[in-house]
Asks: 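First the structure, which I've put down as C-alpha cells, then a few questions once you've had a look.
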Amino acid sequence: METAVSENLARIRAGIAEAARQSGRDPASITLVAVSKNQSPERIDSALAAGQRVFGENKVQEATEHWGARKPDLPDLRLHLIGPLQTNKVRAAHALFDVIETLDRPSLAEALGAQERRTGRKLSHLIQVNTGEEPQKHGILPSDLPSFLEVCRKDAGLDVRGLMCVPPIEEPPALHFAFLAELARRHGLKELSMGMSADYGKAIPLGATFVRVGTGIFGARRENQP
Ligand SMILES: *Cc1c(COP(=O)(O)O)cnc(C)c1O
C-alpha cells in the first residue's frame, strides 16, 4: 500500500525543519510548495486535509481543473505556476495563480504587466534562470538577468521577488543552487525557488525560500501525462 499523503507531508515538513536547523535558518523562512501536477483529486484533497495550502502546477489548463472549483472555498490557498507560460494563457494564469515562478522573456513580462494594470491585481513573480545554459530548457541565461530584471520592473511594472531554477539532471544540484543564490544576492532579490523531492535538503543550506516537492508528497505521477 502506498504511504498516505499526510504521512509524506509530515516527513517532508520534518525534513525541511531539520535542514533549516542544521544550517542555522528559521524553518518558517522556507515555504513548501506541494507540486500537484498529474495527481488525482483524492491526493490533492488529502494534502488539503493535512493543512497544506501552497501548491505548484506546471500547466494552466490542468491547474484550472485542479483548483478552479476548490479555490473559492480556500481563502488562504496560494498557487504557484512552475511551468512555462504561453502568452495566450496569461489572462487565465493571472486569474488563477498568486505567484508566477517562470518569467523567462520580455513578451511574457509585458503581457503579465498589461493584465495586472487592466485588472488592478498584482501577483508576485520569480524569474526562471537557466543556470545550466541548456538549449532545451526554459529560463533566461544568467548573463541576460540584469537587463531582463530591468524590463520586468521598469517596463512591465512587475513585482519581482526572486529567482527560480531547475538544475541539469546530470550535474550536482548544489553548484546551481549556490550560483542562483549568488545571482539573487547580487540583485538584492529575497526569494529563491530551488530544490525538489530529491534535493530540497541540499537547497535549504544554500538559501532556498521555496522548495517545490511533488512525488515526495503525492507519490508517483499518473503516467499518461508528461
Ligand atoms: C514537477 C516539478 C517539480 C516537482 O518534482 P518532484 O521531483 O516530483 O518533487 C518541481 N519543480 C518543477 C519545475 C517541476 O516541473
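Just so it is clear, the model here is predicted, and its values are computed rather than measured. Remember, it's 1-based here, ligands and their atoms both numbered in the order they're listed.
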Asks: With atoms numbered from 1 as shown, which atoms in ligand 1 lie under 4.0 angstrom from a non-hydrogen atom of Val213?
Replies: 9 (O)
Asks: Answer with yes or no after comparing the ring centroid distance for His80 and Phe97 against a 6.0 Å cut-off, counting only values under it.
Replies: no
Asks: Between atom CG of Leu183 and atom CG of Leu189, what is the distance when rounded to the nearest 0.5 Å?
Replies: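 If we round to the nearest 0.5 Å, Leu183:CG and Leu189:CG are 9.5 Å apart.
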Asks: Under a 3.5 Å threshold, yes or no: a donor from one side chain and an acceptor from the other, between Arg43 and Ser36?
Replies: no
Asks: May I ask you to identify the nearest protein heavy atom to atom 1 (C) of ligand 1, giving residue, atom name and distance to one decimal place in Å?
Replies: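 The closest heavy atom on the protein side is Lys37 NZ, 1.5 Å.
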Asks: For atom 12 (C) of ligand 1, which protein heavy atom lies nearest, and how many Å away is it?
Replies: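 So the nearest neighbour among protein heavy atoms is Ile82 CD1, 3.5 Å.
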Asks: What are the two closest non-hydrogen atoms of Ser23 and Ala19, and how far apart are they?
Replies: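 Answer, listing the atom of Ser23 first, then Ala19: OG-O, 2.6 Å.
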Asks: Taking distance alone, with N or O pairs closer than 3.5 Å, would you say Gly214 contacts ligand 1?
Replies: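 Between Gly214 and ligand 1, an N or O pair is found under 3.5 Å apart.
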Asks: For atom 10 (C) of ligand 1, grab the closest protein heavy atom and report residue, atom and distance to one decimal in Å.
Replies: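 Here the closest protein heavy atom is Met196 SD, 3.1 Å.
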Asks: Could you grab the distance from atom NE2 of His125 to atom CE of Met164, nearest 0.5 Å is fine?
Replies: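 It comes to 14.5 Å.
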Asks: Among all the protein's non-hydrogen atoms, which is closest to atom 11 (N) of ligand 1, and how far away is it?
Replies: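 In this structure, atom 11 (N) of ligand 1 has Arg212 NE, 2.8 Å as its nearest protein heavy atom.
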Asks: Give the residue, atom name and distance (to 0.1 Å) of the protein heavy atom nearest atom 9 (O) of ligand 1.
Replies: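 That would be Ser197 OG, 2.4 Å.
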Asks: If you measure from each heavy atom of Arg221 to ligand 1, is any distance below 4.0 Å?
Replies: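 Contact present.
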Asks: Over 60° means perpendicular and under 30° means parallel, so classify the ring planes of Trp67 and Phe55, tilted if in between.
Replies: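 The arrangement is tilted - the two ring planes meet at 30° to 60°.
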Asks: With a cut-off of 4.0 Å, which atoms of ligand 1 are near a heavy atom of Thr215?
Replies: 6 (P), 7 (O), 8 (O), 9 (O)
Asks: To the closest 0.5 Å, what do you measure between CG (Leu85) and CG (Leu103)?
Replies: 8.5 Å
